[in-house]
Undergrad: 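Dropping a structure here in structure tokens format, bear with me for questions.
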Protein chains: 2
Amino acid sequence: MKQKNIYIVDDHVLFANALSNLVNSFPEYNCDRIFSNGAELVEALQQGEKEPDIILLDVKMPVMDGIATMRWLHQNKPDLKVLTLSMEDNELTIIQMIKYGAGGYLLKDIDPKTLKKALDLIDEQGYYYTDMVTETLMRTINGDKKQSEVDFKDNELRLIELACSERTYTEIAEEMNLSPKTIDGYRQAIFQKMGVKTRVGMVIYAIKHGLVQI
Amino acid sequence: MKQKNIYIVDDHVLFANALSNLVNSFPEYNCDRIFSNGAELVEALQQGEKEPDIILLDVKMPVMDGIATMRWLHQNKPDLKVLTLSMEDNELTIIQMIKYGAGGYLLKDIDPKTLKKALDLIDEQGYYYTDMVTETLMRTINGDKKQSEVDFKDNELRLIELACSERTYTEIAEEMNLSPKTIDGYRQAIFQKMGVKTRVGMVIYAIKHGLVQI
DNA sequence: ATAAAAAACAGGAAATTGCCCCATCAAAAA
DNA sequence: TTTTTGATGGGGCAATTTCCTGTTTTTTAT
């Protein structure tokens with residue numbers, strides 16, 4: 001029997017390691033590597049490292065969060081199977097993740113049996129949608145939800161996340177290795193898309209729409 | 001060699017199980033039982049069940065959360081050694097937990113080695129305080145005596161609420177029929193109490209602590 | 001290879017925020 | 001009564017944010 005390789009992407013080292021142990025306790029699966037954020041995963045894949053059979057991707061992470069990572073994977077490695085893991089059942093996040101090709105969206109409070117089942121099904125058929133996810137999708141399709149049709153670019157999302165802190169824009173620019181003036185340009189674009197006039201407005205919009213987790 | 005028994009209290013089944021696996025991977029420790037909230041633990045202890053050597057207690061749980069559980073343990077089983085686990089380094093939570101006799105406060109993103117070390121030290125000397133905890137305690141002591149009870153005055157709460165919007169402070173002053181300078185005074189007091197440096201910091205603190213609904 | 005589009009960057013200026021130290025006045029405490 | 005405290009308001013100033021106007025560089029498409 002050939003084992004399936006699993007990558008875990010999660011900034012909570014303890015959880016990631018523990019999850020890795022759990023995965024390895026299933027004889028059919030083997031957790032190869034743990035990444036503490038999306039950027040590390042992306043870098044590894046770009047270096048041409050061996051690709052896993054399934055990725056377990058945390059939604060909330062620093063540096064490059066789950067949504068940004070999922071978007072990158074969708075564009076660059078559309079065939080990779082990904083199970084996203086989250087603490088909360090944030091409707092917008094679910095929709096975005098599925099839209100970007102995630103094969104499933106699990107809450108972190110599922111039990112090991114369900115995880116096993118999800119791994120099995122995603123391996124076989126490429127997806128495993130819980131009732132929660134299908135319900136959300138149904139509601140969305142039936143149009144009763146005000147899906148924010150705005151979508152932000154990776155850099156914009158990154159700025160939004162960093163702006164939800166006490167950093168100044170100059171500090172954010174340093175962190176993103178860009179000129180403060182570029183950041184200012186992103187900021188204006190974001191304000192425009194969100195329809196806000198101040199940084200506080202941006203922060204509240206971001207939190208309301210699940211663009212950042214606090 | 002006699003193994004030390006560990007109880008885990010966490011509502012995230014996946015995390016709890018994974019953590020349990022991790023603990024069991026240390027030869028010196030053995031995780032006996034997992035409880036999904038504080039109430040279950042309390043009930044078990046009241047029934048006279050065997051007491052563990054160390055409890056790993058999650059802070060954020062439904063039914064009976066970590067703080068409530070810690071308080072009960074402090075009153076009823078003061079000798080039990082407890083390590084609290086949390087996602088965030090919330091200053092107030094840290095203080096309360098330590099006040100109620102928690103032997104340590106770990107973020108969930110620590111690595112397994114640190115967990116092992118924490119277990120060892122808490123077993124030996126009854127406590128393991130990270131730099132984060134000691135720093136917080138220092139700040140609290142050096143700050144002022146009633147720091148543990150951060151309560152905001154009505155006017156401050158009103159300002160906090162109005163500040164969670166795109167209003168300028170001048171507009172807020174008009175809305176509250178006060179001078180902008182008075183508002184500025186409130187703002188400084190709020191910053192002090194919250195330990196923040198910017199309005200964005202205030203907004204995020206307010207949302208995190210449920211001071212405003214968004 | 002070249003034109004078009006985008007991303008990155010800049011100068012300048014007004015508005016807002018954040019941070020000092022200080023004044024007044026009334027109520028409470030000593 | 002005297003002192004202290006707290007709420008209110010002020011002047012001034014530096015840092016930051018916000019909003020314009022652009023130019024240069026890189027990517028993309030034809």
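Each chain gets a letter, A, B and so on, in the order its sequence line appears, and its residues count up from 1. Being a predicted model, the structure only gives us computed values, none of them experimental.
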Undergrad: Side-chain polar contacts of residues 47-55 of chain A - donor-acceptor pairs under 3.5 angstrom, sequence neighbours left out - could you list them?
TA:
{"from": "A:Glu49", "atom 1": "OE1", "to": "A:Arg33", "atom 2": "NH1", "distance (Å)": "2.5"}
{"from": "A:Glu49", "atom 1": "OE2", "to": "A:Arg33", "atom 2": "NH1", "distance (Å)": "2.8"}
{"from": "A:Lys50", "atom 1": "NZ", "to": "A:Asp32", "atom 2": "OD2", "distance (Å)": "3.2"}
{"from": "A:Glu51", "atom 1": "OE2", "to": "A:Lys77", "atom 2": "NZ", "distance (Å)": "2.8"}
{"from": "A:Asp53", "atom 1": "OD2", "to": "A:Asn5", "atom 2": "N", "distance (Å)": "2.7"}

Undergrad: Could you give the CZ-to-P distance, from A:Arg158 to C:dA7, as a whole number of Å?
TA: 17 Å

Undergrad: Could you check how far CE of A:Met202 sits from C1' of D:dT18, rounded to whole Å?
TA: 11 Å

Undergrad: Could you check how far CD of A:Glu166 sits from P of D:dT16, rounded to whole Å?
TA: 13 Å

Undergrad: Using whole Å, what does the distance between atom C1' of nucleotide C:dT17 and atom CZ of B:Phe191 come to?
TA: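 Value for this atom pair: 8 Å.
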
Undergrad: Any N or O donor-acceptor pair linking the side chain of B:Asp184 to the base of C:dC19 at under 3.5 Å?
TA: yes

Undergrad: Who passes ring-ring contact (aromatic ring centres under 6.0 Å, His included) against A:Tyr127, sequence neighbours left out?
TA: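 Expected list: A:Tyr129.
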
Undergrad: For B:Glu156, what residues pass the salt bridge (charged side-chain N to carboxylate O under 4.0 Å, His left out) criterion, not counting sequence neighbours?
TA: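 Per chain and number, B:Glu156 pairs via salt bridge (charged side-chain N to carboxylate O under 4.0 Å, His left out) with B:Lys193.
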
Undergrad: With sequence neighbours excluded, what pairs up with A:Glu171 under the side-chain hydrogen bond (donor to acceptor under 3.5 Å, both in side chains) test?
TA: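 A:Glu171: no side-chain hydrogen bond (donor to acceptor under 3.5 Å, both in side chains) contacts found.
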
Undergrad: Starting at NZ of B:Lys197 and ending at P of D:dT17, how long is that distance when rounded to a whole Å?
TA: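 Atom-to-atom, B:Lys197 to D:dT17, this comes out as 12 Å.
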
Undergrad: What integer distance in Å separates B:Gln192:CD from C:dC20:P?
TA: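 B:Gln192 atom CD is separated from C:dC20 atom P by 11 Å.
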
Undergrad: Could you check which residues of residues 172-182 of chain A get a heavy atom under 4.0 Å from DNA chain C? Sort them by number, please.
TA: A:Leu178, A:Ser179, A:Lys181, A:Thr182

Undergrad: Does A:Arg167 make a side-chain N or O approach to OP1 or OP2 of D:dT16 shorter than 4.0 Å?
TA: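 No, no such contact exists.
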
Undergrad: Could you list the protein-to-nucleotides 23-27 of chain D atom pairs, N/O on both sides, closer than 3.5 Å?
TA:
none

Undergrad: Tell me which nucleotide among D:dT18, C:dG18, C:dC19 gets nearest to the side chain of B:Gln188.
TA: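 Out of D:dT18, C:dG18, C:dC19, the nucleotide with an atom closest to B:Gln188's side chain is C:dC19.
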
Undergrad: Counting heavy atoms from C-beta on, name the nucleotide in C:dC20, D:dT18, C:dT17 closest to the side chain of B:Tyr169.
TA: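 For the B:Tyr169 side chain, the nearest candidate turns out to be C:dT17.
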
Undergrad: Which pairs with one or both residues in residues 173-184 of chain B pass salt bridge (charged side-chain N to carboxylate O under 4.0 Å, His left out), sequence neighbours excluded?
TA: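 Residue pairs with at least one partner in residues 173-184 of chain B: B:Arg167-B:Glu175, B:Asp184-B:Arg187.
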
Undergrad: Relative to the ring of A:Phe15, is the ring of B:Phe15 parallel (under 30°), tilted (30 to 60°) or perpendicular (over 60°)?
TA: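 It falls in the parallel class, under 30°.
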
Undergrad: Which part of the nucleic acid, if any, lies within contact of A:Thr170, taking any heavy atom under 4.0 Å across all strands shown: a base, the sugar-phosphate backbone alone, or nothing?
TA: nothing

Undergrad: Just to verify, what does A:Lys4 make a salt bridge (charged side-chain N to carboxylate O under 4.0 Å, His left out) with, not counting sequence neighbours?
TA: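 Salt bridge (charged side-chain N to carboxylate O under 4.0 Å, His left out) list for A:Lys4, sorted by chain: A:Asp123.
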
Undergrad: Whole angstroms only, please: what is the CD1-P distance between A:Ile183 and D:dT16?
TA: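 It works out to 15 Å between those atoms.
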
Undergrad: Heavy-atom count check: over 12 atoms from other residues, nucleotides or ligands less than 6.0 Å from A:Gln192 CD?
TA: no

Undergrad: Between P on C:dG18 and CZ on B:Arg199, what's the gap in Å once rounded to a whole number?
TA: 8 Å

Undergrad: Once side-chain hydrogen bond (donor to acceptor under 3.5 Å, both in side chains) is applied, do any residues pair with B:Thr182, and if so which ones, sequence neighbours excluded?
TA: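 For B:Thr182 there are no side-chain hydrogen bond (donor to acceptor under 3.5 Å, both in side chains) partners, ignoring immediate neighbours.
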
